[in-house]
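Working notes, beginning with the structure itself.
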Amino acid sequence: MEEKLDFLQKRRNIILQGGGAKRVEAQHKKGKQTARERLEQFLDPGSFVEVGTFVQSELEDASTLDIPLPGEGVVTGYGNLDGRLVYVFAQDFTVSGGSLGEKHAAKICRVMDLAAQNGAPFIGINDSGGARIQEGVMSLDGYGNIFFRNTVNSGVIPQISVMMGPSAGGAVYSPALTDFVFMVDDTSYMFITGPQVIKAVTGEEVSAEKLGGAVTHNQTSGVAHFRAKDEKECFQLIKKLLSYLPSNNLNDPPAASPAEPTLPAEDLANLVPADPNKAYDVVEVIKRIVDDSDFFQVHEQYARNAVVGFARIAGQAVGIIANQANYLAGCLDIDCSDKISRFVRFCDCFNIPLVTFVDVPGYLPGVHQEYGGIIRHGAKILYAYSEATVPQVSVILRKAYGGAYIAMNARSLGADFVFAWPTAEIAVMGPEGAINIINRREIEKAENPEKERKERVSEYRRKFANPYVAASRGWVDDVIHPVDTRRHLIRALDSLKNKFEDRPRKKHGNFPV
Ligand code: HXC
């Protein structure tokens with residue numbers, strides 16, 4: 001027995017040491033922790049339980065202490081995050097660059113299956129050179145097995161990808177299939193082909209950072225949703241995100257004790273300029289309405305003409321969507337259509353009510369937008385809100401023009417309640433654009449065309465650009481004082497707690513991707 005226990009201990013130690021002291025040192029020199037150090041920092045102390053510690057390639061002899069790839073380059077298991085069960089993997093770059101071979105993939109698939117069966121979030125810490133070249137097609141099959149599970153588990157359990165090193169080739173597609181991607185400044189990269197291949201194929205010269213670093217994917221491509229300055233901050237952000245999410249699609253999001261906003265509601269009466277052409281920061285509005293004035297943005301640096309994120313209202317987690325007047329005047333464009341629709345669909349999967357703040361002049365006009373397919377991208381917002389069956393409340397702050405008024409969750413798309421501030425202007429289009437079309441002749445003929453134009457604009461605004469036409473049709477449930485917005489939202493969301501909506505049975509819809 002003693003001999004066997006000794007063998008067990010020695011074998012375990014080899015695996016715990018990963019790629020050995022030299023490679024661990026190299027990992028640290030790059031500003032990165034090892035897989036096991038990361039799990040220790042991330043999970044509740046002492047909660048990690050490893051699954052598949054001794055897995056190794058079937059081609060290798062398991063009766064010796066010769067373990068060519070300890071742990072197959074990935075540590076898998078489960079543990080707790082703030083007391084809640086999560087399943088995890090952490091790729092070990094010190095072992096064959098964290099490259100993914102057959103057994104490496106099998107270990108990941110096992111914890112993915114356990115996460116789905118047990119209704120717990122699944123979190124992957126990626127740090128890998130991609131498909132293990134020596135294992136050829138077996139590595140590719142491994143990726144396929146992971147992609148399949150990412151897809152089947154989508155909308156069942158939250159799936160989170162943490163990028164803490166390189167992620168090349170097929171390795172970027174599992175993260176792309178998950179709900180949220182976190183990146184760390186200066187150490188994480190994502191690209192389907194690296195700078196050398198790009199130079200050889202297209203002649204373009206680009207650094208890894210510029211091609212696929214945290215800034216690029218958070219600001220330009222939108223592939224990543226969160227950016228952290230280091231690994232520690234990254235783990236804190238993930239914990240914060242999870243605090244708003246249920247463990248699976250059959251649970252409600254965790255509730256917290258209600259807390260008043262720390263910023264005064266009285267400011268709301270003046271934060272939004274009455275002049276519809278003046279900009280302001282909608283985040284300041286949101287902060288004066290939500291618990292603790294705490295708004296956790298998703299995709300904060302991407303498509304900044306819209307803001308989306310999580311907050312609490314009277315302790316209940318909500319997903320917030322808002323037009324950002326101080327960026328592109330809050331117009332809806334291709335990128336923000338992706339941002340909004342993806343967020344709405346996530347919240348709908350996981351029983352998180354939607355609160356939409358509307359101040360939108362329309363879809364962004366232009367050749368670039370039309371050629372880029374704003375029609376099909378813009379349709380995503382219509383689809384996502386129409387598809388959603390969670391409680392939905394919209395608040396129209398100021399402009400709500402044309403198709404964008406509908407897109408930002410008008411009653412017709414499924415909002416359960418719509419409130420408008422007295423400053424709301426709900427119309428087919430803005431006054432300037434409208435009178436150029438319907439009063440063009442009168443303006444041209446007038447003795448003083450400019451004076452005529454101004455009069456027509458103010459007449460239009462008085463007649464149509466207000467909340468009362470929509471309210472008279474019942475499409476706005478109430479016109480409210482801005483200061484009372486939180487109170488109205490609390491009552492409305494409370495009344496929708498048991499909302500149930502039945503839709504026609506189908507395999508799935510055909511989302512306009
Ligand atoms: C096997 C690999 C590997 C890989 C790295 N290593 N990538 N081994 N397969 N894909 C090994 C190295 O040989 C080295 O082993 C160790 O990991 C560390 O790698 P270094 O190159 O020394 O590290 P670094 O300089 O930090 O560079 C990291 C890297 C680079 C940028 C990731 O290694 C690299 O470019 N790797 C290849 C990336 C790639 O093209 N992957 C295939 C993508 S195709 P030793 O023993 O010396 O420590 C793909 C298809 C999937 O993924 C499709 C699915 C649909």
Side-chain angles (χ1 to χ4, degrees), residues 14-15 17-35 38 56-57 59-60 66-75 89-109 112 124-152 161-178 181 183-202 205-214 216-217 223 231:
I14 291 170
I15 289 163
Q17 281 157 25
K22 250 179 137 180
R23 290 196 180 89
V24 168
E25 197 189 326
Q27 177 85 343
H28 288 159
K29 268 199 182 138
K30 289 180 191 154
K32 301 196 293 181
Q33 300 184 88
T34 64
R38 284 169 174 160
Q56 72 176 80
S57 166
L59 307 171
E60 289 152 14
D66 178 22
I67 307 175
L69 300 174
E72 282 292 316
V74 64
V75 182
F89 75 81
Q91 289 177 315
D92 184 351
F93 193 83
T94 69
V95 175
S96 189
S99 59
L100 183 138
E102 184 187 11
K103 286 292 165 190
H104 178 124
K107 284 179 78 173
I108 293 176
C109 288
M112 291 178 93
I125 302 176
N126 294 266
D127 188 357
S128 167
R132 188 173 298 153
I133 296 161
Q134 299 88 328
E135 292 199 31
V137 73
M138 285 164 336
S139 312
L140 302 184
D141 183 66
Y143 272 123
N145 283 313
I146 294 171
F147 301 159
F148 182 81
R149 282 165 176 77
N150 283 137
T151 308
V152 171
S161 295
V162 191
M163 315 311 293
M164 290 191 160
S167 187
V172 295
Y173 280 113
S174 171
L177 287 166
T178 60
V181 175
M183 291 187 78
V184 179
D185 278 347
D186 305 323
T187 51
S188 49
Y189 306 98
M190 298 175 79
F191 30 69
I192 54 167
T193 45
Q196 290 97 328
V197 178
I198 291 186
K199 192 174 175 202
V201 175
T202 69
E205 286 198 40
V206 63
S207 67
E209 181 65 38
K210 192 108 178 76
L211 182 65
T216 297
H217 286 310
V223 166
E231 296 190 359

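Order of listing sets the numbers, starting from 1, for every ligand and every atom in it.
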Could you tell me the residue and atom name of the protein heavy atom closest to [atom], and the distance to it rounded to 0.1 Å?
{"atom": "atom 49 (C) of ligand 1", "result": "G170 N, 3.5 Å"}
{"atom": "atom 47 (O) of ligand 1", "result": "R23 NH2, 4.5 Å"}
{"atom": "atom 9 (N) of ligand 1", "result": "I133 N, 3.1 Å"}
{"atom": "atom 23 (O) of ligand 1", "result": "F93 CZ, 3.7 Å"}
{"atom": "atom 1 (C) of ligand 1", "result": "Q134 OE1, 3.2 Å"}

Residues that R23 engages under salt bridge (Lys or Arg N to Asp or Glu O under 4.0 Å), provided they are two or more places apart: none

Going by distance only, is there an N or O of [X] that falls short of 3.5 Å from an N or O of ligand 1?
{"X": "S128", "value": "no"}
{"X": "Y143", "value": "no"}
{"X": "G97", "value": "yes"}

Contacts of type side-chain contact (heavy atoms from CB on, under 4.5 Å), residue A208, not counting sequence neighbours: Y189, F191, P195

Where ligand 1 meets [X] - atom numbers and elements under 4.0 angstrom, heavy-atom basis:
{"X": "K30", "value": "26 (O)"}
{"X": "P166", "value": "32 (C)"}
{"X": "L140", "value": "50 (C), 51 (C), 53 (C)"}
{"X": "A168", "value": "52 (O)"}

With a 4.5 Å cut-off on side-chain heavy atoms, are [Y] and [X] touching?
{"X": "M164", "Y": "Q33", "result": "no"}
{"X": "T193", "Y": "V201", "result": "no"}
{"X": "T216", "Y": "L211", "result": "no"}
{"X": "M163", "Y": "V172", "result": "no"}
{"X": "K103", "Y": "L69", "result": "no"}
{"X": "C109", "Y": "F148", "result": "no"}
{"X": "K32", "Y": "R38", "result": "yes"}

Looking at [atom], tell me if a protein heavy atom falls under 4.0 Å from it.
{"atom": "atom 15 (O) of ligand 1", "value": "no"}
{"atom": "atom 39 (C) of ligand 1", "value": "yes"}
{"atom": "atom 30 (C) of ligand 1", "value": "no"}
{"atom": "atom 20 (P) of ligand 1", "value": "no"}
{"atom": "atom 26 (O) of ligand 1", "value": "yes"}
{"atom": "atom 45 (P) of ligand 1", "value": "yes"}
{"atom": "atom 51 (C) of ligand 1", "value": "yes"}
{"atom": "atom 7 (N) of ligand 1", "value": "yes"}

About how many Å separate CD of Q17 and CD1 of I15, when rounded to the nearest 0.5 Å? 10.5 Å

How long is the span from the OG1 atom in T187 to the CD atom in E209, to the nearest 0.5 Å? 9.0 Å

side-chain hydrogen bond (donor to acceptor under 3.5 Å, both in side chains) partner of R132, chosen from S99, S57, S139: S99

E72 to V95 - nearest heavy-atom pair and separation: C-CG1, 4.5 Å

Closest non-hydrogen atom pair between S161 and P175, with its separation: OG-CA, 3.2 Å

Heavy-atom neighbours of Y173 OH exceed 12 at 6.0 Å: no

Which of these, [options], has its nearest heavy atom closest to [atom]?
{"atom": "atom 11 (C) of ligand 1", "options": "S96, S174, G20, G165", "answer": "S96"}
{"atom": "atom 55 (C) of ligand 1", "options": "Y173, Y189, F191, F147", "answer": "F147"}
{"atom": "atom 10 (N) of ligand 1", "options": "G169, A131, G101, S99", "answer": "A131"}
{"atom": "atom 41 (N) of ligand 1", "options": "S139, A171, G129", "answer": "G129"}

Below 4.0 Å, non-hydrogen atoms only: which portion of L100 touches ligand 1? Side chain, backbone, both or neither. neither

